[in-house]
Amino acid sequence: MDKGSKTAGGGYVKSYGCQMNVYDSSRIAGLLDGQGHVQVDSPLDAEVIVLNTCHIREKAADKVFSELGQIRQIKQERAELGRPLLIGVAGCVAQAEGAEILRREGAVDFVLGPQAYHRLPEALKRARDGERPLFIDFETNEKFDDLRRPNGEVDRGQLTAFVTIQEGCDKFCSFCVVPYTRGAEVSRAAPDVIAEAERLATSGVKELTLLGQNVNGYSWDGPGGVWTLARLFERLSMVDGIERLRYTTSHPLDMDDDLIAAHRDLPKVMPYLHLPVQSGADRILRAMNRRHTAAEYLTLIEKIRAARPDIALSSDFIVGFPGETDEDFRATMRLVEDVGFAGAFSFKYSRRPGTPGAELDGQVEENVKKVRLAELQALLDAQATMFNAGSVGRSMDVLFEKTGRHAGQIVGRSPYLQSVQVDGPTELIGSVRRCTIVRPGPHSLFGAIEPEQGVEARN
Ligand code: 5AD
Ligand code: SF4
């Protein structure tokens, strides 16, 4: 701590897993900041450490316990120096195994489930008083209220922001822990979302990504009737300063006609859609409780492409779900070939205790999963490369976000979420410019700013 300063010691938040979790970690960091625990880069410099855990895949709880073992040592060394360290565990592992964590790991001072982040100040206070609070209740909308950013506060120069509009999931896919760890679907009140968007726009944010575990299931029953995601997009399109709208993650069953039409009619809704399908085999989709067939997914994709022909599609896949045969896996490969994805995430099935999938017969051997995943990823990588190569020669709007690695370079995103590097002045950061894509790189595109924008291209 600084000499004579009243500031509390540093805060350190470690994030695991999914995008919601990364976003939640930034909110936790914000709450720590509000308590005077300014973010530090290393746990060694912190006075409060929060591990924000994700439960969706892998042996997350084991990882947390091994990490806690290391932090316990830091805590012991600190105690000897008379500098206390508070340790908290947050997130989905906390929700599922919080009591067990407190019982097994004496170094943990507090536990916060994903619905209870806003109680962090109270948890810190109680922990300092020697209690070991366990906050894991589901508390619906209260969470959204307390996590609201004060006066649209964002980092200086921040151009893109996440806004949580929905939490939890009612879909109960048989492999997934989310309905158990994050609870039932809750949607945030539309006026709150709009007010947050306006505040963010005033602070200079240009692009919003609306977040939810089942974001297109968004449904808020307000005074003027039900708000769907499509209606929310229509309203958010009117917010001055916000130029781009994105959303993740969606379920195929909730991809309604109005939302598809929003991709056609609202220019601010970006032509990019993350729409997990998980498998291309009907019997596996049924066992996963996805509630649609492969053909229905393909028909949906056709409809979306009819509305917005240039849309970039992304997805999630699981290989080696219990009972998956070679023929089922071939069906997944065929679906990938039929759709042509711009990018995708793919995973080996991981058995999650407490989910129906964990109890199923026919668990697939690890090496079979490995081989299938490698084959699927090779195809998805080839498609991503093809998608980027297909952008060469095209003209597209780029929102410039930062300087590049080399002097004179600036970097932004295309509407399709590709990273685009150009030679250009830093004054363009924060604005959208039309660029011609010149060549693809391994992870990004190289472009040239088009001269008719009043800025000379130097490529
Ligand atoms: N095993 C493997 N992948 C999983 N996912 C969710 N649960 C599991 C699991 N048990 C993947 C799904 C989901 C993404 C966020 O994580 O593909 O869409
Ligand atoms: Fe999990 Fe399925 Fe809900 Fe996605 S839709 S969060 S995979 S239960």
Side-chain angles (χ1 to χ4, degrees), residues 15-24 53-63 91-93 95-96 114-115 164-187 211-219 229 247-255 273-281 284-292 296-297 300 313-324 329 332 335-336 341 343-360 362-366 368-370 372-373 376-377 380:
S15 185
Y16 305 76
C18 66
Q19 192 154 39
M20 291 285 288
N21 196 268
V22 174
Y23 169 74
D24 281 346
T53 60
C54 176
H55 208 219
I56 202 154
R57 286 180 296 275
E58 298 171 20
K59 300 182 181 74
D62 293 353
K63 249 198 240 169
C92 290
V93 177
Q95 177 68 37
Q115 310 289 323
T164 297
I165 64 162
Q166 182 274 336
E167 269 259 281
C169 186
D170 299 338
K171 288 283 188 286
F172 289 93
C173 301
S174 62
F175 51 80
C176 185
V177 289
V178 167
Y180 310 98
T181 54
R182 296 268 173 164
E185 287 180 17
V186 180
S187 292
L211 285 184
Q213 260 99 24
N214 188 23
V215 74
N216 62 340
Y218 178 84
S219 175
L229 183 56
Y247 60 112
T248 197
T249 291
S250 298
H251 191 290
L253 283 193
D254 292 321
M255 214 54 226
L273 174 63
H274 182 64
L275 194 62
V277 62
Q278 315 293 358
S279 168
I284 297 300
L285 287 168
R286 207 172 315 121
M288 285 176 164
N289 192 32
R290 292 292 291 179
R291 296 189 266 160
H292 64 77
E296 282 162 351
Y297 183 83
L300 180 60
L313 295 164
S314 143
S315 194
D316 289 341
F317 294 91
I318 296 177
V319 298
F321 185 79
E324 187 188 70
F329 175 64
T332 299
L335 179 136
V336 173
F341 290 97
F345 301 96
S346 44
F347 314 100
K348 288 185 285 190
Y349 171 69
S350 110
R351 200 171 172 169
R352 313 306 294 126
T355 62
E359 309 303 322
L360 291 176
Q363 299 286 331
V364 176
E365 266 182 51
E366 193 55 29
V368 173
K369 289 185 200 171
K370 211 166 132 184
R372 287 181 188 165
L373 186 67
L376 175 61
Q377 287 184 340
L380 290 167

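We count ligands from 1, going down the list as the structure has it; atoms in each ligand are counted the same way. Positions are given from 1 along the sequence. Atoms considered below: every heavy atom in the structure, side chains included; atoms not considered: hydrogens, waters and symmetry mates.
Within the 2.8 Å limit, Cys169 places at least one N, O or S atom next to atom 3 (Fe) of ligand 2.
Just one of His251, Gln166, Glu185 meets the side chain to side chain donor-acceptor pair (under 3.5 Å) condition when paired with Asn214; it is Glu185.
Within the listing of ligand 2, atoms 8 (S) sit less than 4.0 angstrom from a heavy atom of Phe172. Atoms of ligand 1 found under 4.0 Å from any heavy atom of Arg352, numbered from 1 in the order shown, are 10 (N). Proximity to Pro179 (heavy-atom distance under 4.0 Å) selects the following atoms of ligand 2: 8 (S). Ligand 1 places these atoms under 4.0 Å from at least one heavy atom of Lys348: 1 (N), 2 (C). Each of the atoms 7 (S) of ligand 2 lies under 4.0 Å from some heavy atom of Phe175. Of all atoms in ligand 2, numbered sequentially from 1 with element shown, those under 4.0 Å from a heavy atom of His251 are 5 (S).
Using a 4.5 Å cut-off on side-chain heavy atoms (C-beta onward), Tyr180 and Gln95 make no contact. The shortest distance between side-chain heavy atoms of Phe321 and Gln278 does not fall below 4.5 Å. Counting heavy atoms from C-beta outward, Leu335 and Tyr297 have side chains that approach closer than 4.5 Å.
Looking at Pro276 against ligand 2, nothing comes within 4.0 Å, counting heavy atoms. Residue contacts with ligand 1 for Gln278 involve side-chain atoms from C-beta outward but no N, CA, C or O (heavy atoms, distance under 4.0 Å). Residue Phe347 touches ligand 1 through its side chain alone, judged by heavy-atom distances below 4.0 Å. Heavy atoms from both the backbone and the side chain of Ile56 come within less than 4.0 Å of ligand 1.
In this structure, Arg182 does not count as a contact residue of ligand 2, since none of its heavy atoms falls inside 4.0 Å of the ligand.
For the atom pair CZ of Phe341 and CG of Leu275, the computed distance is 8.0 Å after rounding to the nearest 0.5 Å. Taken from SG in Cys176 to CD1 in Ile56, the straight-line distance is 4.5 Å, to the nearest 0.5 Å.
Shortest non-hydrogen contact noted between Ser250 and Pro276 is O-CD, 3.1 Å.
Counting heavy atoms only, Asp316 comes closest to atom 18 (O) of ligand 1 of the residues Val177, Val178, Asp316, Thr248.
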Carefully, step by step, assess Arg291 and Lys171 under the rule side-chain contact (heavy atoms from CB on, under 4.5 Å).
CA-CA 9 Å; Arg291 296 189 266 160; Lys171 288 283 188 286; 3.4 Å; yes

Residues Lys369, Glu324; criterion salt bridge (charged side-chain N to carboxylate O under 4.0 Å, His left out); working and verdict
CA-CA 10 Å; Lys369 289 185 200 171; Glu324 187 188 70; over 6 Å; no

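Of the protein's heavy atoms, Cys173 N, 3.4 Å lies nearest to atom 8 (S) of ligand 2. Ranking protein heavy atoms by distance to atom 9 (C) of ligand 1, first place goes to Ser350 O, 3.5 Å. At the top of the distance list for atom 11 (C) of ligand 1, counting protein heavy atoms only, stands Arg57 NH1, 3.4 Å.
For the 3.5 Å distance criterion, the side chains of Ser346 and Gln377 qualify, holding a donor opposite an acceptor.
Checking only distances, Ile318 never comes within under 3.5 Å of ligand 1, N or O to N or O.
Atom 1 (Fe) of ligand 2 lies below 4.0 Å from at least one non-hydrogen atom of the protein.
The environment of CZ in Phe172 is crowded: more than 12 heavy-atom neighbours from other residues, nucleotides or ligands sit within 6.0 Å.
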